[in-house]
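Along the sequence shown, residues are numbered consecutively beginning with 1. Predicted model, so just to flag it, every value in this text is computed and none were measured.
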Amino acid sequence: MTKKDLVAKAVRVYLEQRRKDLHAGMVEALQVLDGSLKSDVMLLTGLTAEEIDAVGGIDE
């Protein structure tokens with residue numbers, strides 16, 4: 001088995017074992033994202049919409 005094959009198999013096994021966690025994370029992210037810049041900032045920073053507004057908001 002080559003190193004490339006070993007890594008590919010390890011990645012497949014890891015993804016299979018973490019599938020439910022990864023899916024839950026994606027669903028949560030999609031619930032936050034609505035296509036607005038504010039939702040992007042909320043997801044990236046962990047701030048709430050109210051916290052963003054309290055520091056000046058975002059011009060879209």
What heavy-atom pair brings Thr48 and Met42 nearest, and what distance separates the two atoms? C-CG, 4.3 Å
What residues, two or more places apart in sequence or in another chain, satisfy side chain to side chain donor-acceptor pair (under 3.5 Å) together with Thr45? none
With sequence neighbours left out, what residues match Arg19 under side chain to side chain donor-acceptor pair (under 3.5 Å)? Glu16
Is Tyr14 linked to Val7 within one hydrophobic cluster, defined over Ile, Leu, Val, Met, Phe, Trp and Tyr using a side-chain heavy-atom separation of less than 4.5 Å? yes
Sequence neighbours excluded, every pair satisfying side chain to side chain donor-acceptor pair (under 3.5 Å) that has a member inside residues 20-33: Arg18-Asp21
Is there a path of hydrophobic side-chain contacts, each under 4.5 Å between heavy atoms of I, L, V, M, F, W or Y residues, that connects Val27 with Leu43? no
Listed partners of Leu6 passing side-chain contact (heavy atoms from CB on, under 4.5 Å), at least two apart: Met1
Here the salt bridge (charged side-chain N to carboxylate O under 4.0 Å, His left out) pairs for residues 32-45, sequence neighbours left out, are Lys38-Asp53
Can you list the residues that meet the side chain to side chain donor-acceptor pair (under 3.5 Å) rule with Gln17, with sequence neighbours excluded? none
Nearest heavy-atom pair of Asp59 and Leu37: which atoms, and what distance? O-CD2, 4.1 Å
